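Notes to accompany the following structure.
As the structure is a prediction and not an experimental result, all values here were calculated from the model.
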Amino acid sequence: MSHADTVIVLDFETTGLSPQQGDRAIEIGAVKLENGIITDRFQQLMNPGFRVTSFIEQYTGISNEMLSQAPSCKTVMADFSDFIGNSSLVAHNASFDQRFLIAELNRLHRPFNTSFACSMLIARRVFPEAANHQLGTLVAHTNIEHDGVFHRALADAEMTAQLWLKLLQKLQQQWPALTVSFELMQQLQQQPKGALDRFIKRQLAT
DNA sequence: TGCCAGGCCCTCTTTAGGGCCTT
């Protein structure tokens, strides 16, 4: 079974929803998937330089006290940039994490030219029957084992990685002859919803 | 830092509005 190449699955905790509005990353978590197995991990809190709201403290469990002792975003993101290298990236609702990754790397004057795939967009197509497509719901829907920790970066990255494997597994089981590459997943997430069968059959015909 | 997003997706659509996802 193909595991769609080596990918790094990542998740940010942040001070809010929009880097364009001044929000910053406060934690990055990531796992490297090679041949369907987690072979490396990255997790680090980072100090955004201002206090986070009580909403963020409660939502993530990350307190201002914890962040006051963490290294700066600049230090952590430089290390993380080295960790991801040129790997293909996956995140749940990837547009969110991609915006923060680009914003933080821009502050370091580091170019970003890595491709992203989105487990949420793909799950909407592969698991249309799920009640909704929040990460926690999909983890339950696909019977992924977890330790009950949500909204922390490494925990969410680990669960997203397991969800990614479930997506690959479902596609491979349904279409055994299909070569499930990262590029195929990127194309799949852009197909009109409900047109998955047609897209796969077109792939198999080439 | 506090001006609070942005892209996808559906539908009672396309001369638009609102829910879903992420923190």
*First encountered from the 5' end of DNA chain B, between A/Gly136 and A/Thr15*: A/Thr15

*Heavy-atom pair of closest approach, residues A/Ile8 and A/Ala30*: CG2-CB, 4.0 Å

*Who else is in the cluster with A/Val149 when I, L, V, M, F, W and Y are joined by side-chain contacts under 4.5 Å?*
none

_Test question: given the 4.5 Å side-chain rule for I, L, V, M, F, W and Y, name all other residues clustered with A/Met120, or answer none._
A/Leu121

Can you list everything that forms a side-chain contact (heavy atoms from CB on, under 4.5 Å) with [X]? Sequence neighbours excluded, please.
| X | result |
| --- | --- |
| A/Gln190 | none |
| A/Asp79 | A/Phe42 |
| A/Glu129 | A/Phe127, A/His141 |
| A/Asn106 | A/Ile102 |

Provide the distance between the two [atom1] atoms, one in [N] and one in [M], to the nearest whole Å.
| N | M | atom1 | answer |
| --- | --- | --- | --- |
| B/dT14 | B/dC10 | C1' | 13 Å |
| B/dG18 | B/dC12 | P | 15 Å |
| B/dT13 | B/dC21 | C1' | 22 Å |
| B/dG2 | B/dT23 | P | 24 Å |
| B/dT15 | B/dG19 | P | 22 Å |

*Minimum side-chain heavy-atom gap A/Glu57-A/Asn64 below 4.5 Å*: yes

*Below 4.5 Å, heavy atoms only, C-beta onward: do A/Ser181 and A/Asp5 meet side chain to side chain?*
yes

Interatomic distance where [atom1] belongs to [X] and [atom2] belongs to [N] [whole Å]:
| X | N | atom1 | atom2 | result |
| --- | --- | --- | --- | --- |
| A/Gln98 | B/dT23 | CD | P | 16 Å |
| A/Gln134 | B/dT23 | CD | C1' | 13 Å |
| A/Phe127 | B/dC21 | CZ | P | 15 Å |

_Qualifying side-chain hydrogen bond (donor to acceptor under 3.5 Å, both in side chains) pairs with a residue from residues 13-22 of chain A, counting only residues at least two apart or across chains_ = A/Thr15-A/Asp23

*All side chain to side chain donor-acceptor pair (under 3.5 Å) counterparts of A/Ser68, not counting sequence neighbours*: none

*Encode nucleotides 4-14 of chain B as B, S and - characters from 5' to 3', where the letter depends on protein heavy atoms closer than 4.0 Å: B to the base, S only to sugar-phosphate, - to neither.*
-BB-SSS----

*Below 4.0 angstrom from OP1 or OP2 of B/dC21, is there any side-chain N or O of A/His133?*
yes

*Going by number, which of residues 58-66 of chain A have a non-hydrogen atom under 4.0 Å from DNA chain B?*
A/Tyr59, A/Thr60

*Counting only non-hydrogen atoms, which of residues 151-160 of chain A are less than 4.0 Å from DNA chain B?*
A/His151, A/Asp156

*Which part of the nucleic acid, if any, lies within contact of A/Phe55, taking any heavy atom under 4.0 Å across all strands shown: a base, the sugar-phosphate backbone alone, or nothing?*
base

_Students often get this wrong, so: under 4.0 angstrom with heavy atoms, is A/Leu135 touching a base, only sugar-phosphate, or nothing?_
sugar-phosphate

*Could you name each residue pair satisfying ring pair (Phe, Tyr, Trp, His ring centres under 6.0 Å) that touches residues 88-108 of chain A, not counting sequence neighbours?*
A/Phe96-A/Phe100

